[in-house]
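Here's the structure we're looking at; comments come further down.
Within every chain, numbering begins at 1; the chains are lettered A, B, ... in the order of the sequence lines, protein sequences first and strands thereafter. Note that the structure is predicted; figures quoted are calculated from it, not measured.
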Amino acid sequence: MTPYLLLSAALFSIGTFGVIARRNILIMLMALELMLNGANIALVAFARMHAAANPDGTSTAAIGQVFVLVVMAVAAGEVAVGLAIVISLWRTRRTVDTNDLQMLNG
Amino acid sequence: MTDPVFLITSLVAVGSAVAAVTRRNPVYAAVWLLICFLSFAVILLQMAAPFLAAIHVLVYTGAILVLFVFVIMLLNLKDDELGEEYGTGVWAAASALSLGLFGLMAWPILADPKLSAPLPELPADFGSVEAVGRVLFVEYGLPFELVSLLIVVAMFGAMVLAKKRLWA
């Protein structure tokens, strides 16, 4: 299970790098998706680690995979709202550079 | 754990993820992200999650990435409109920070002997549509309904945010 978790940690770190080091808001959103995916890989890995047959032998518990489905739905909602914010920023400010977005800076 | 398929797909995933977050043009970043998401689907297949692998391809490459490309085309950014990026100093600091974060996560993973123990034998229908669906609809019915509510709210939020004049 160790290599899967290391891969998940690596992808989360790469996503963190993208969010910290980039200024293009589209690339920052893509890096956020990478971070969510890294967490998903860890969830699926732990589900595989604790895979066991139920006592009645018919169904198996794949609760970790259900969590991943919920995370995917949240990611889809996040990206829809995030890209809508990008479009409305482009309409009002003509920029995708996050350093230009200082309207709340008093 | 020297499975060659896992080795190749994880190298492809990490390499294309690094390429995706370092491209200047978002279109290239989206193409690298596509490769990364497809290798994720292969990794999910290897971890006995065939249903999730199919959903991953459908949702991430089919919906999220298409939405990204759609917005990139809608904005139609010229090269001078892409904005400036930080210099090499900030990039070096950020990569040092994220390498430190990786080390912070890798250390307990490598130190825990429970994680390197051999995997339990796989139940016959583990990760199938039936197994996942039964857990989702029997045990986690309320969270499922809440997620559908979240998606409806996100849909209305996206429409309100992106529309030019709301009441016209």
Short side-chain to backbone donor-acceptor contact, Gln65(A) and Ala48(B), under 3.5 Å: yes
When the 4.5 angstrom heavy-atom criterion is applied to Phe51(B) and chain A, the contacting part is side chain
One option among Leu99(B), Asp112(B), Leu101(B), Ile64(B) has the most heavy-atom pairs under 4.5 Å with chain A, and it is Ile64(B)
Okay, Leu33(B) and chain A: the region with an atom under 4.5 Å from a heavy atom over there is side chain
The interface call for Val74(A) against chain B, heavy-atom contacts under 4.5 Å, is both
Pair count under 4.5 Å, heavy atoms only, with chain B: among Leu69(A), Val19(A), Thr16(A), highest is Leu69(A)
Under 4.5 Å to a heavy atom of chain B? For Asn99(A) that would be side chain
Okay, Ile151(B) and chain A: the region with an atom under 4.5 Å from a heavy atom over there is side chain
So Glu139(B) and Val66(A), do their side chains get closer than 4.5 Å, heavy atoms only? no
* Asked: Looking at side-chain heavy atoms only, is the closest gap between Lys114(B) and Met1(A) below 4.5 Å?
  -> no
Notebook entry, point to check: Heavy-atom distance under 4.5 Å between the side chains of Leu6(A) and Leu110(B), does that happen here?
Noted result: yes
Heaviest contributor of heavy-atom pairs below 4.5 Å to chain A, chosen from Gln46(B), Arg24(B), Arg23(B), Glu85(B), is Glu85(B)
Rounding to 0.5 Å, atoms CG (Leu136(B)) and CD1 (Ile63(A)) come to a distance of 11.5 Å
Q. Side chains of Leu52(B) and Val132(B): closer than 4.5 Å at any heavy-atom pair?
A. no
Assert top hit (heavy-atom pairs under 4.5 Å, partner chain B, pool Ile20(A), Thr92(A), Leu11(A)) equals Leu11(A)
Contacts satisfying side-chain hydrogen bond (donor to acceptor under 3.5 Å, both in side chains) that involve residues 90-107 of chain B (not counting sequence neighbours) are none
So, the part of Tyr86(B) with a heavy atom under 4.5 Å from chain A: the answer is both
Solution key, residues 67-82 of chain B side-chain donor-acceptor pairs under 3.5 Å, sequence neighbours excluded:
residue: Lys78(B); atom: NZ; partner: Asn76(B); partner atom: O; Å: 3.4
residue: Glu81(B); atom: OE1; partner: Lys78(B); partner atom: N; Å: 2.8

Max heavy-atom pairs within cutoff under 4.5 Å with chain B, candidates Asn40(A), Leu83(A), Ile85(A), Val68(A), goes to Leu83(A)
Bottom line for Ala29(B): the part with an atom under 4.5 Å from chain A's heavy atoms is both
Phe12(A) side chain near Ile41(A) side chain, heavy-atom distance below 4.5 Å:
no
Flag the pair Glu33(A) / Phe37(B) as yes when at least one side-chain heavy-atom distance between them is below 4.5 Å, and no otherwise.
yes
query = With distance as the sole test, does Ser8(A) use its side chain to make a donor-acceptor pair with the main-chain N or O of Ala39(A) at under 3.5 Å?
reply = no
So, the part of Ile27(A) with a heavy atom under 4.5 Å from chain B: the answer is side chain
Bottom line for Arg22(A): the part with an atom under 4.5 Å from chain B's heavy atoms is both
Honestly, the part of Ala93(B) sitting under 4.5 Å from a heavy atom of chain A is neither
Cut-off 4.5 Å, heavy atoms of chain A, and the answer for Ser128(B) is neither
Cut-off 4.5 Å, heavy atoms of chain B, and the answer for Leu89(A) is neither
Heaviest contributor of heavy-atom pairs below 4.5 Å to chain A, chosen from Val90(B), Val18(B), Val59(B), is Val18(B)
Turns out that what part of Leu26(A) lies under 4.5 Å from chain B's heavy atoms comes down to both
**Request:** Evaluate the side-chain proximity of His56(B) to Asn37(A): yes if any heavy-atom separation is below 4.5 Å, no if none is.
**Result:** yes
If one checks every heavy atom of Val147(B) against chain A at 4.5 Å, the contacting part turns out to be side chain
